[in-house]
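Written out below as structure tokens is the structure these notes cover.
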Number of protein chains: 2
Amino acid sequence: MSHIRILIVEDEPLIAMSTSAMLEGIDYEVSAIAYDSDEALEQLRSDPPDLALLDVNLKSKLDGIQIGEIIRDQYDLPFIFLTSYAGESIVERAKLTRPMGYIVKPFDEKDLFTAIEIALYNYAQFVHPLKLDMERLNKKLPSPLTPREFDIIKDIYEGKTNQQLAKRHFISINTVKTHVKHLFEKLDVQSRAEALVMLRNLNQAQP
Amino acid sequence: MSHIRILIVEDEPLIAMSTSAMLEGIDYEVSAIAYDSDEALEQLRSDPPDLALLDVNLKSKLDGIQIGEIIRDQYDLPFIFLTSYAGESIVERAKLTRPMGYIVKPFDEKDLFTAIEIALYNYAQFVHPLKLDMERLNKKLPSPLTPREFDIIKDIYEGKTNQQLAKRHFISINTVKTHVKHLFEKLDVQSRAEALVMLRNLNQAQP
DNA sequence: TTAAAAATCACCCTGTGGGGTGATTCCCCC
DNA sequence: GGGGGAATCACCCCACAGGGTGATTTTTAA
């Protein structure tokens, strides 16, 4: 697998550097170091990483928690908070952003490694899989879906009707029906609602 | 809110005791300390806690990771791994169980507190809310669902048809249709599939 | 090059789903 | 004791979903 790319947002250069060195020591790639919130947002926009490490006590326009809120709302990647201070009020604020981890300073390579691995894994398990992944799905099916059928099921998963599917994919509604029929057989269901439930369950299940 | 009850599974008495003291110092309740896997399973069965702290390197029939698997499959509660050793192979095994956290020894009160708070919160956000909760749902709706409508929507959420609903609730299919019509209006949807999508989104959203 | 699989489309047919309207009973609250 | 929401039910209507059958073309693999 290719390198996991990590963005560090930390205003204390010494900590940023040592964190960066640790990450590279355990085979991650540091996509960038942002020393304030503007740089962080710019990096997120121009070169989104696979994961972000956010200093909670960032001294800039936005602090780490506010950046976390932006990531949660506007980006599709997990983030982990770094902090030296873990007072109750901070944690209260932080957890509302639903971070995938929280590391208390001082930390070492082991702390980083486990937090990142768990964060990436749980993010893939609980957050991202709301979007369907064809390979993952097909592994769980006795007979796999074709690419076209997968296109269709993605929209069914979003609640679309046959007519909407026909327009969106520039095909006849009859063709849509054929695809739907086939994928219902493969999923072993008899209605869209059942299909949604089946996908929910398959998605939640073991990879 | 009442005390969060935590089960400690740790075969090293000194660590177990100090962990227990830390937890009580930060206002959690220690439901029990289990010194081996048999005790842990017995406690889970007879007096399930709100969260479990599992020593990965447990020296007994089952190690911490195996207990984690059992909790994931058979119980509905989050767990956090404790370990002094964070080798890659251990982390690989551990993350497959989808723990809600991972703490590397030695740790202090702050580490414990943040890991537990984040774990409980994320668990409630990502895992448990697959089950519908009427109060939570109604808070997000402009006009709330009645109890009966909620009974119905729970089954729609499981992919049931109107006929199945009628039988299951001992009411006429016409009554089912009336309820369905009302709750579709309240959810602002026009089909079961759309309702499923809406519920998925509402459930995933901020509480 | 040829066979198999995937994608496209058509037609028919039935059942259910979803919308509209209206009515009754029960119970709670003012 | 009367108003109002909740729960129950009926009937009509029609669009759409879902199943069956069959056919053509394009792509892929053998």
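Just so we're on the same page: letters track the sequence lines, and every chain starts at 1. Values in this document were obtained by computation on a predicted structure and should not be read as measured data.
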Q: Mind running a 4.0 Å heavy-atom check of residues 159-171 of chain A against DNA chain D and sending the residues that fall below it, in number order?
A: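 Those residues whose heavy atoms fall under 4.0 Å from DNA chain D, taken from residues 159-171 of chain A in numerical order, are Thr161(A), Asn162(A), Gln163(A).
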So, using side chain to side chain contact (heavy atoms under 4.5 Å, CB included) as the criterion, who are the partners of [X] when residues are at least two apart?
X         : result
Glu117(B) : Val91(A), Glu92(A), Lys95(A), Tyr28(B), Phe113(B)
Met198(A) : Leu187(A), Val189(A), Leu202(A)
Arg168(B) : Asp155(B), Lys160(B)
Asp188(B) : none

**Q.** SB check Glu42(B) Arg45(B) (cutoff 4.0 Å)
**A.**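 Yes, Glu42(B) and Arg45(B) are salt-bridged.
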Grab the two heavy atoms, one from [X] and one from [Y], that are nearest each other, plus how far apart they are.
X        : Y         : value
Ile71(B) : Ala52(B)  : CD1-CB, 4.0 Å
Pro78(B) : Leu120(B) : CG-CD2, 4.0 Å
Ile67(B) : Ala40(B)  : CD1-CB, 4.0 Å
Gly68(A) : Phe81(A)  : CA-CZ, 4.4 Å
Ile8(B)  : Ala16(B)  : CD1-O, 4.1 Å
Ile33(A) : Ser20(A)  : CD1-CB, 4.0 Å

Within the sub-3.5 Å range, which N or O atoms of nucleotides 23-26 of chain D have a protein N or O partner, and how far apart are they?
none

Quiz: residues 172-180 of chain A side-chain donor-acceptor pairs under 3.5 angstrom, not counting sequence neighbours:
residue: Ser172(A); atom: OG; partner: Asn174(A); partner atom: N; Å: 2.8
residue: Ser172(A); atom: OG; partner: Asn174(A); partner atom: ND2; Å: 3.1
residue: Thr178(A); atom: OG1; partner: Asn174(A); partner atom: O; Å: 2.9

Q: Take Leu23(A) and Ile4(A), measure what side-chain contact (heavy atoms from CB on, under 4.5 Å) needs, and give me the verdict at the end.
A: CA-CA 10 Å; Leu23(A) 289 176; Ile4(A) 309 273; over 6 Å; no
Q) Taking side chain as C-beta onward, heavy atoms only, is Leu77(B) less than 4.5 Å from Arg5(B)? A)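 Not in contact.
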Q: For DNA chain C, determine which residues of residues 184-194 of chain A have any heavy atom closer than 4.0 angstrom to one of its atoms, and list them numerically.
A: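 Hits under 4.0 Å, by residue number: none.
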Q: Give, ordered by number, those residues of residues 141-148 of chain B having at least one heavy-atom distance below 4.0 Å to an atom of DNA chain C; if nothing qualifies, reply none.
A: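 By residue number: none to list.
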Q: Keeping to residues at least two apart or across chains, list the salt bridge (charged side-chain N to carboxylate O under 4.0 Å, His left out) pairs with something in residues 48-61 of chain B.
A: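 Passing the test, one end in residues 48-61 of chain B: Asp38(B)-Lys61(B), Asp55(B)-Lys105(B).
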Q: Would you work out how much the helix from dT1(C)-dA30(D) to dC30(C)-dG1(D) bends between its ends, with each end axis defined by five base pairs, to 10 degrees?
A: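 The angle, to the nearest 10 degrees, is 50°.
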**Q.** Boundaries of the DNA chain C segment in contact with chain A, non-hydrogen, under 4.0 Å
**A.**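 Here the contact window of chain A covers dA6(C) to dC11(C).
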Q: Identify, between Lys177(B) and Ser172(B), the residue whose nearest nucleotide on DNA chain D lies closer to the 5' end.
A: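 That would be Ser172(B).
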Q) Given the rule in the side-chain contact (heavy atoms from CB on, under 4.5 Å) test, do Ile116(B) and Ile26(B) qualify, once you have shown the distances and angles that lead to the verdict? A) CA-CA 11 Å; Ile116(B) 290 172; Ile26(B) 43 182; 5.5 Å; no
Q: Figure out the NZ/P separation between Lys181(B) and dA6(D), and round it to whole Å.
A: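 Spelled out: NZ on Lys181(B) to P on dA6(D) is 15 Å.
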Q: Take atom CD1 of Ile173(A) and atom P of dA15(D), then tell me their distance rounded to the nearest Å.
A: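 Value for this atom pair: 13 Å.
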Q: Apply salt bridge (Lys or Arg N to Asp or Glu O under 4.0 Å) to the pair Arg200(A) and Glu158(B), showing each step before the final yes or no.
A: CA-CA 10 Å; Arg200(A) 192 207 300 152; Glu158(B) 299 304 326; 3.8 Å; yes
Q) Above 12 or not: heavy atoms from other molecules or residues under 6.0 Å from CD of Gln190(A)? A)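 Not more than 12 within 6.0 Å, no.
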